[in-house]
Q: 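So that we are looking at the same thing, I have put the structure below in structure tokens.
We count ligands from 1, going down the list as the structure has it; atoms in each ligand are counted the same way.
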Amino acid sequence: MSPITYIERVIPEQSGRPVVDNSKHPMREVTFNAAFHPDSWTKQRADQIAQAFDALAPTWEEREHARHVSPLIDAIERGGPIPEGLALEVGSGTGIVTPYILNHFNNVISIDIAKEMLLKVKPRLAPLIRCDSFYLPLRDNSIAAAILVNALLFPHEIDRVLTKNGVIIWVNTLGSDTPIHLSAESVEEAMPGNWSGIASEADWGTWVVLRRLK
Ligand SMILES: C[S@@+](CC[C@H](N)C(=O)[O-])C[C@H]1O[C@@H](n2cnc3c(N)ncnc32)[C@H](O)[C@@H]1O
């Protein structure tokens with residue numbers, strides 16, 4: 001039986017969805033390798049990715065799919081019980097979704113590898129840390145929810161910092177057309193141990209909320 005339960009969409013797709021084929025986008029391989037071959041991640045690769053996103057920072061918020069926040073809101077509302085505590089926003093970029101995370105969590109830390117992305121964050125609503133999510137500067141078992149909106153997943157680190165009942169909120173704002181895309185099943189498969197998930201679609205996006213099986 002699949003550990004992922006799909007629930008019906010409640011937020012319809014808005015008009016104007018970009019027609020793109022990102023199946024061969026270079027970030028696809030990076031995303032897959034981060035999740036399934038994290039040992040292949042090097043300082044050189046991290047620097048390349050940081051530079052690439054630094055270059056995208058000035059125009060990041062012109063990317064329409066990045067501004068579609070309803071998949072995240074839907075995930076938080078319908079993805080099952082979310083424990084109280086500290087939320088970690090991984091790959092927070094220019095902070096587009098941070099206010100929506102703060103609507104649910106009192107305490108949020110946002111991290112990103114790209115300095116230029118972080119410099120664009122205004123207003124600064126949560127502590128920002130510039131770091132590589134391959135090495136999170138956080139204690140073991142300290143995070144109630146790891147939130148990744150179009151962000152790379154390094155399973156060992158997310159597993160290390162999440163509390164026992166902590167959840168992973170994985171969102172792709174352009175669904176399977178998102179450059180940094182993994183299916184709900186792939187996220188579950190990449191994580192150490194056994195997880196169950198609730199997943200759905202919202203607007204142009206897809207989401208899954210995963211929690212450890214007891
Ligand atoms: C596709 S953008 C998404 C940004 C934001 N979540 C949004 O939806 O607007 C991916 C973000 O992840 C950051 N990133 C990429 N690799 C990272 C890493 N290893 N550690 C931390 N952040 C990373 C990039 O700098 C970029 O800001």
Q: Is it true that S92 lies under 4.0 Å from ligand 1, counting heavy atoms only?
A: yes

Q: Can you check whether N150 reaches N172 side chain to side chain, under 4.5 Å on heavy atoms?
A: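 SC-SC contact between N150 and N172 confirmed.
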
Q: Starting from atom 19 (N) of ligand 1, what is the nearest protein heavy atom, named by residue and atom, and what distance separates them?
A: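 Going by distance alone, atom 19 (N) of ligand 1 is nearest to D132 OD1, 2.8 Å.
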
Q: In a check of side-chain contact (heavy atoms from CB on, under 4.5 Å) between V108 and each of I147, L102, L88, which one passes?
A: L102

Q: Looking only at distances, can you tell me whether any N or O atom of V90, backbone or side chain, sits closer than 3.5 Å to an N or O atom of ligand 1?
A: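 N/O-N/O distance under 3.5 Å: no.
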
Q: With heavy atoms under 4.0 Å as the rule, classify the contact between A151 and ligand 1 as side chain, backbone, both or neither.
A: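 It is neither; nothing of A151 touches ligand 1.
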
Q: If we check side-chain contact (heavy atoms from CB on, under 4.5 Å) with F154, which of these qualifies: D132, L148, D159?
A: D132

Q: Apply side chain to side chain contact (heavy atoms under 4.5 Å, CB included) to residues H25 and I180 and explain how you reach the verdict.
A: CA-CA 9 Å; H25 192 288; I180 298 182; over 6 Å; no

Q: If you have a sec, work out which protein heavy atom is nearest atom 23 (C) of ligand 1 and how many Å separate them, to one decimal?
A: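 Going by distance alone, atom 23 (C) of ligand 1 is nearest to I113 CG2, 3.4 Å.
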
Q: Give the residue and atom name of whichever protein heavy atom lies nearest to atom 15 (C) of ligand 1, and the separation in Å to one decimal.
A: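 I find the closest protein heavy atom is I49 CG2, 3.6 Å.
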
Q: Could you list which atoms of ligand 1 come closer than 4.0 Å to a heavy atom of L152?
A: 16 (N)

Q: Relative to the heavy atoms of A114, which atoms of ligand 1 are at a distance of less than 4.0 Å?
A: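 Listed by number with element: 25 (O).
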
Q: If you count the non-hydrogen atoms of other residues, nucleotides and ligands that lie under 6.0 Å from CZ in F134, is the total more than 12?
A: yes

Q: Does the side chain of V30 reach to within under 4.5 Å of the side chain of W41, using non-hydrogen atoms?
A: yes

Q: Can G95 be said to touch ligand 1, with heavy atoms closer than 4.0 Å?
A: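 Heavy atoms of G95 never come under 4.0 Å of ligand 1.
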
Q: Quick check on contacts: which atoms of ligand 1 are under 4.0 angstrom from a heavy atom of M117?
A: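 Numbered from 1, ligand 1 contributes 27 (O).
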
Q: Can a side-chain donor-acceptor contact be found between E89 and T98 if the only test is distance below 3.5 angstrom?
A: yes

Q: Give yes or no for whether the N/O distance cutoff of 3.5 Å, strictly under, is met between G91 and ligand 1.
A: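 Yes.
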
Q: Which atoms of ligand 1 are found less than 4.0 Å from any heavy atom of F154?
A: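 Here the atoms of ligand 1 in question are 19 (N).
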
Q: Could you check whether any side-chain heavy atom of K24 comes within less than 4.5 Å of a side-chain heavy atom of R28, counting everything from C-beta outward?
A: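 Answer no - side chains too far apart.
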
Q: With atom 24 (C) of ligand 1 as the reference point, say which of W60, Y135, F53 has the nearest heavy atom.
A: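 Looking at heavy atoms only, the winner is F53.
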
Q: Check G91 against A151 and note the closest heavy-atom contact, atom names and distance.
A: CA-CB, 4.2 Å

Q: Is ligand 1 under 4.0 Å from a heavy atom in the side chain of C131, in the backbone, in both, or in neither?
A: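 It is the backbone that gets close, since no side chain atom is under 4.0 Å.
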
Q: Using a 4.0 Å heavy-atom cut-off, say whether V149 meets ligand 1 through its side chain, its backbone, both or neither.
A: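 The answer is both.
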
Q: Specify the protein heavy atom at minimum distance from atom 20 (N) of ligand 1: its residue, its atom name, and the distance to 0.1 Å.
A: S133 N, 2.8 Å

Q: Distance-only check: which donor-acceptor pairs under 3.5 Å involve side-chain atoms of residues 51-59, not counting sequence neighbours?
A:
unit_1	atom_1	unit_2	atom_2	d
D54	OD1	K115	N	3.2
D54	OD1	E116	N	2.8
T59	OG1	L56	O	3.4

Q: State plainly whether the residues D203 and R17 are in salt-bridge range, i.e. N to O under 4.0 Å.
A: no

Q: Suppose we measure from atom 27 (O) of ligand 1 to each protein heavy atom; which comes out shortest, and what is that distance?
A: D112 OD2, 2.6 Å

Q: For atom 3 (C) of ligand 1, which candidate among N150, I96, L118, I111 provides the closest heavy atom?
A: N150

